[in-house]
2 protein chains.
Amino acid sequence: MVCHMDLSKRLLEQFLAVAEEKHFGRAAESLSMSQPPLSQAIQRLERGLGVTLLERGPSSPRGVRLTPAGAAFATEARRLLDSQSAAIERVRRVAHGLEGDVRVGYVSILSHRHLPWLLRATAEELPGLRVHLHQDSTATLAEMLSAGTLDLAFVRDPSPLSDDLAVRDFAVERIVAALPHEHRLAGSDAIALTDLRDEDFVLPSGDALPSLAQQAQLACRDAGFTPRCRAGADDLTGLLGYVAAGLCVSLLPEDLRDFPIPGIAFVPLRGSSPHLETTIAAVHRPDADAAVLRLLDLIHRHARP
Amino acid sequence: MVCHMDLSKRLLEQFLAVAEEKHFGRAAESLSMSQPPLSQAIQRLERGLGVTLLERGPSSPRGVRLTPAGAAFATEARRLLDSQSAAIERVRRVAHGLEGDVRVGYVSILSHRHLPWLLRATAEELPGLRVHLHQDSTATLAEMLSAGTLDLAFVRDPSPLSDDLAVRDFAVERIVAALPHEHRLAGSDAIALTDLRDEDFVLPSGDALPSLAQQAQLACRDAGFTPRCRAGADDLTGLLGYVAAGLCVSLLPEDLRDFPIPGIAFVPLRGSSPHLETTIAAVHRPDADAAVLRLLDLIHRHARP
DNA sequence: CAGGTCCATATGGCAGACCATATCAAAGGG
DNA sequence: CCCTTTGATATGGTCTGCCATATGGACCTG
């Protein structure tokens, strides 16, 4: 006997009122309605369930009593109402971005410096958000954003990205010189880029870290020379390896200073060419959902940590 | 913003259909309705929740997509429907006596022989029933039944009980002679009650175990003598103690044979006086609920184990 | 650019739910 | 034995929800 009973919120409340008052008249009063339709509603309920919930008599003048099934149903009704409220509340929180899953991508360079405060702030301000992390190259992250398999990505200098992605800069890092420890300028407080014009450089090659390679080229051009590239590398460890080996110098974001790599000195560069800066930005689809917007807001408020 | 949303079963099913098909037309078809009212229903739902559940466009020709909130709501909707079905099912089971709590009372004499199979059979046939046991005197059990603090009681010879309680006999035990081991008749296969006419008896005294005392008195009268009572006891251990001490004989239900008491021999009595039998019965209120009726039926089917 | 797909909107009809007033039947108390 | 209490029943009105048909507008596709 499959029952097509509806158990509307209203009906459950009516039954609970009767179950608590054990009296149709008072229950009707507390529901701001008259007694007859309440009787009918309960009868409909009992008919729909095929179960007698209330013991009406034969001694009615003292109200009604709950049958065992009625007592059980009262418990269940309360649970159902609670579940319903909780479900609505949960959906609202998801819609408002206070709860849910966000898939966040980042390029490796950012992991050690920007992820920690971001994750900490998220856990504190948006404890309902579950952040799923994914590290990849800038290009792949952009593809994933467009494909919808990623919600937010942190990259460096994303200016040449696809047009249908929104970009939000949130931090600027200076580019500094990375020199071998034994280099003659390694102990300087600051040097000019032209001081390196005769050095051998190692810069990102191929499609790897394109913005970094481009910035370096442009900055040297601004300084009046073309860097002599004796080596290339397509990831950060390669670049750092060449420098640490004492074979080359490089131009890298200053936050790499925190990397525990022996044999490398990071020396600030004098001058303020726009190409000696690198921008860190959050990228997302223009139709990002509320959780992403919350995260963007959080990032904006905590920017330049 | 407290929401008076109703979330009727129908509405949830409609939303789930759309969420699964991701297509209003097909969803409407699977619901055996036309598309426009379905659109309206979903719009009502979204308006009621104050949340956008579906992403309609702008590129509609490929159906709709779920927003994060919509996906969350689909999960919640399924849970709500399941909870609702489960609640109805549970109430039905309670009403049919397949689930619930039953408070069962018994007098001590019955505990070791009849409770085990009763509880075992209940656990097997009615695993949803929770049986709460309570041991007390026949009189107190009857009071508790009338007061509604007990649902079912097992007693011996409950004939003189209150009129507003229903009685259901389910087993008959013979009364046997309890003799000290060193008694001259202790080794007999069977004896006549008159063989004990000159013995000292110990029988229940006061209001304790009234049926047992009465049966003994009447049986002796049938046998043509009045038992000489040198001692009394108001519980079973007292009676057995006197016998084991070798001071008295007694008349007791044969199921006591299973008690591990050294020093006592139980010897069957010849003859078939109705007073040499003791009836075991289940007592309950006439308006007992379904669970009690199930237990009574179970007892009836397993009677005389 | 024409056709097709898909969802939204508009309109009208119907059934059922909900409600209030009035009345009835049963049981217990003075 | 009458009266109060209490829940069930009867009746009529209103309104909302639900539905179907018809139409419009946005978008993609060939």
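A note on names: the letters A, B, ... follow the listed sequences, proteins ahead of strands, and every chain is numbered from 1. Scope of the values below: all heavy atoms of this structure, side chains included, with no hydrogens, waters or symmetry mates.
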Integer-rounded Å distance: [N] [atom2] and [X] [atom1]:
{"X": "A/Leu38", "N": "D/dA8", "atom1": "CG", "atom2": "P", "value": "9 Å"}
{"X": "A/Gln43", "N": "C/dC18", "atom1": "CD", "atom2": "C1'", "value": "15 Å"}
{"X": "B/Glu21", "N": "C/dC6", "atom1": "CD", "atom2": "P", "value": "12 Å"}
{"X": "B/Arg10", "N": "C/dA15", "atom1": "CZ", "atom2": "P", "value": "17 Å"}
{"X": "A/Asp6", "N": "D/dG17", "atom1": "CG", "atom2": "P", "value": "14 Å"}
{"X": "B/Leu31", "N": "D/dA20", "atom1": "CG", "atom2": "P", "value": "11 Å"}
{"X": "A/Lys9", "N": "D/dT16", "atom1": "NZ", "atom2": "C1'", "value": "17 Å"}
{"X": "B/Phe24", "N": "D/dG25", "atom1": "CZ", "atom2": "C1'", "value": "16 Å"}

### Message
By the 4.0 Å heavy-atom rule, please label B/Gln35 as base, sugar-phosphate, or nothing.
### Response
base
Spell out, as yes or no, whether a donor-acceptor pair under 3.5 Å connects the side chain of [X] to the backbone of [Y].
{"X": "B/Thr67", "Y": "B/Leu53", "answer": "yes"}
{"X": "A/Asp289", "Y": "A/Ala291", "answer": "yes"}
{"X": "A/Arg294", "Y": "A/Thr122", "answer": "no"}

#### Entry: Most 5' of B/Gly25 and A/Ser32 on DNA chain C, judged by nearest nucleotide
B/Gly25
When you check the phosphate oxygens OP1 and OP2 of [N], does a side-chain N or O of [X] lie under 4.0 Å from one of them?
{"X": "A/Ser39", "N": "D/dG7", "answer": "no"}
{"X": "B/His23", "N": "C/dT5", "answer": "no"}
{"X": "B/Gln14", "N": "D/dC19", "answer": "yes"}

### Query
Considering only C/dA22, C/dA20, D/dA20, which nucleotide approaches the side chain of B/Met33 most closely?
D/dA20
#### Entry: Residue A/Arg44, side-chain atoms from C-beta onward, closest of D/dG17, C/dA8, C/dA17
C/dA17
#### Entry: Between A/Gln35 and A/Ser39: side-chain donor-acceptor atoms closer than 3.5 Å
yes
### Query
Are A/His114 and A/Phe170 near enough that their ring centres are under 6.0 Å apart?
yes
